[in-house]
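All remarks here apply to the structure that follows.
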Amino acid sequence: ADATLAHNQDLSTLTSDIVIGDLDGYNRPFTGSIADARITTSSLYTETFTPPTERLTAITGTELLTCHLPYFADSSVNSAAITTTGNVSSKVDSPYDRVGYSEDLHGGSVYFDGTDDRLSIAASSAFSMETGDFTVESWFYTENATYSTNGASQTLFAIRSQLDASLTGVIRIFISGSTGELGLALAGQVHYGTTAYIINANQWYHVAVVRSGSQVNVYVNGVSVISATSSYNFSSGAPTLIGAAGEDRGSWLGYISDFRVFKR
């Protein structure tokens, strides 16, 4: 051990937040990268040891485990809410053993520059959800969460029943250009969470729009943030767009990966 000290503070009585990357109230910001921040209720290391060469996991007694995923979350039993401050961002990097890049193993993402980029998939019965259950999901990363183009907030995807400005027959996930809040446009109605779910720039998020019966939920990183009801018959009469709300509006600024549609 490089240093030892005696400490008998009962940590269970502490009432202030846990802060990673700064000394709360003293403006001592950390510059660099942090991976696998873990707090446990047991003394794991009591003598000289070899630091881990693989990702830390939530072992028995783990009270916090974060800075270990593409997004910010706590994988302990507490599922503590993680709030970011400043321009902190997630990076695909770590001090652990790494292998060379393989397209089959690692895949990739598509970059959209926020002007007129988009992917368009021709209208097809494959995207006709009709009145059944479905899941539409994707990973996304925006470089500017309060950004809109040509009168539409930047859009992750739009599955469209028809070409119509009212977006009556659309399933669309977007980020509000004024607030950075995640929104769902569904059959002509716009839905937000009862508690605003704000998207931060330069972070990866996973989103899933799931309809079961008439109940529709939007999950972000596995947590439901928007709820709605709809029995709308979603046919596919217009191209599905990834990275745009329409042919000339709502362009995405950032990355999109693993867009998937599942229905039954």
Item to check | side-chain hydrogen bond (donor to acceptor under 3.5 Å, both in side chains) partners of residues 211-229, not counting sequence neighbours, each pair once | outcome: Q215-N217, N217-S227
Next on the checklist: As an exercise, state the distance from CZ of R172 to CZ of F157, rounded to the nearest 0.5 Å.
Outcome noted: 10.5 Å
Checklist entry - Taking only residues two or more places apart in sequence, or in another chain, which ones meet S79 in a side chain to side chain contact (heavy atoms under 4.5 Å, CB included)? => result none
Checklist entry - What about the rings of Y141 and W204, do their centers lie closer together than 6.0 Å? => result yes
Next on the checklist: Please check: side-chain N/O of D117 versus main-chain N/O of F112, any donor-acceptor pairing under 3.5 Å?
Outcome noted: no
Next on the checklist: So, taking the atom named CG in N150 and the one named OG1 in T115, what distance separates them when rounded to the nearest 0.5 Å?
Outcome noted: 10.0 Å
Checklist entry - Does L64 offer a backbone N or O that forms a donor-acceptor pair with the side chain of T62 under 3.5 Å? => result no
Checklist outcome for this item: The side-chain hydrogen bond (donor to acceptor under 3.5 Å, both in side chains) partners of E143 (sequence neighbours excluded) come to Y111
Item to check | Close side-chain approach of M129 and V136, heavy atoms under 4.5 Å | outcome: yes
Next on the checklist: Would you say that T146 contacts T179 through its side chain, given a criterion of any heavy-atom pair below 4.5 Å between the two side chains?
Outcome noted: no
Item to check | Salt bridge D36-R55, side-chain N to carboxylate O under 4.0 Å | outcome: yes
Checklist entry - What residues form a side-chain hydrogen bond (donor to acceptor under 3.5 Å, both in side chains) with N78, not counting sequence neighbours? => result E63
Next on the checklist: side-chain hydrogen bond (donor to acceptor under 3.5 Å, both in side chains), that's the test. Do N200 and T84 meet it? Break it down for me.
Outcome noted: CA-CA 8 Å; N200 293 312; T84 62; 3.0 Å; yes
Next on the checklist: Determine whether a donor-acceptor pair (N or O, by modelled atom type, separation under 3.5 Å) exists between the side chain of S257 and the backbone of G108.
Outcome noted: yes
Next on the checklist: For a 4.5 angstrom cut-off between non-hydrogen side-chain atoms, does F30 reach I20?
Outcome noted: no
Checklist entry - Can you tell if the side chain of I256 reaches within under 4.5 Å of the side chain of L156, non-hydrogen atoms only? => result yes
Item to check | Contacts of A196 that satisfy side chain to side chain contact (heavy atoms under 4.5 Å, CB included) - sequence neighbours left out | outcome: E181, I198
Next on the checklist: Are S109 and F140 packed together at the side-chain level, in the sense that at least one heavy-atom pair is separated by less than 4.5 angstrom?
Outcome noted: no
Checklist outcome for this item: The reported gap from CD1 in I82 to CD in Q203 (rounded to nearest 0.5 angstrom) is 11.0 Å
Next on the checklist: Donor-acceptor check, side chain of R38 to backbone of A58, threshold 3.5 angstrom: yes or no?
Outcome noted: no
Next on the checklist: Taking side-chain hydrogen bond (donor to acceptor under 3.5 Å, both in side chains) as the definition, give me every residue that meets it alongside R260, ordered by chain and number, with sequence neighbours left out.
Outcome noted: E137
Item to check | Side-chain donor/acceptor of T155 to backbone N/O of S153, under 3.5 Å | outcome: yes
Item to check | Heavy-atom side-chain proximity of I159 to F234 below 4.5 angstrom | outcome: no
Next on the checklist: A side-chain contact here means heavy atoms from C-beta on lying under 4.5 Å apart; do V110 and I242 qualify?
Outcome noted: no
Item to check | Atom pair CD1 (I199) and CD (Q154), whose distance is rounded to the nearest 0.5 Å | outcome: 9.5 Å
Checklist entry - Is the backbone N or O of V88 less than 3.5 Å from a side-chain atom of N202, with the two atoms forming a donor-acceptor pair by type? => result no
Next on the checklist: Looking at S43 and Y45, would you say the former's side chain and the latter's main chain have a donor-acceptor pair under 3.5 Å?
Outcome noted: no
Item to check | Side chain R118, main chain A244, donor-acceptor under 3.5 Å | outcome: no
Checklist outcome for this item: dist I34:CD1 -> C67:SG (nearest 0.5 Å) comes out at 6.0 Å
Next on the checklist: Just so I know, are the side chains of L184 and V216 near enough to count as touching, which here means a heavy-atom distance under 4.5 Å?
Outcome noted: yes
Checklist outcome for this item: Here the gap from T149 atom OG1 to W252 atom CH2, rounded to the nearest 0.5 Å, amounts to 11.5 Å
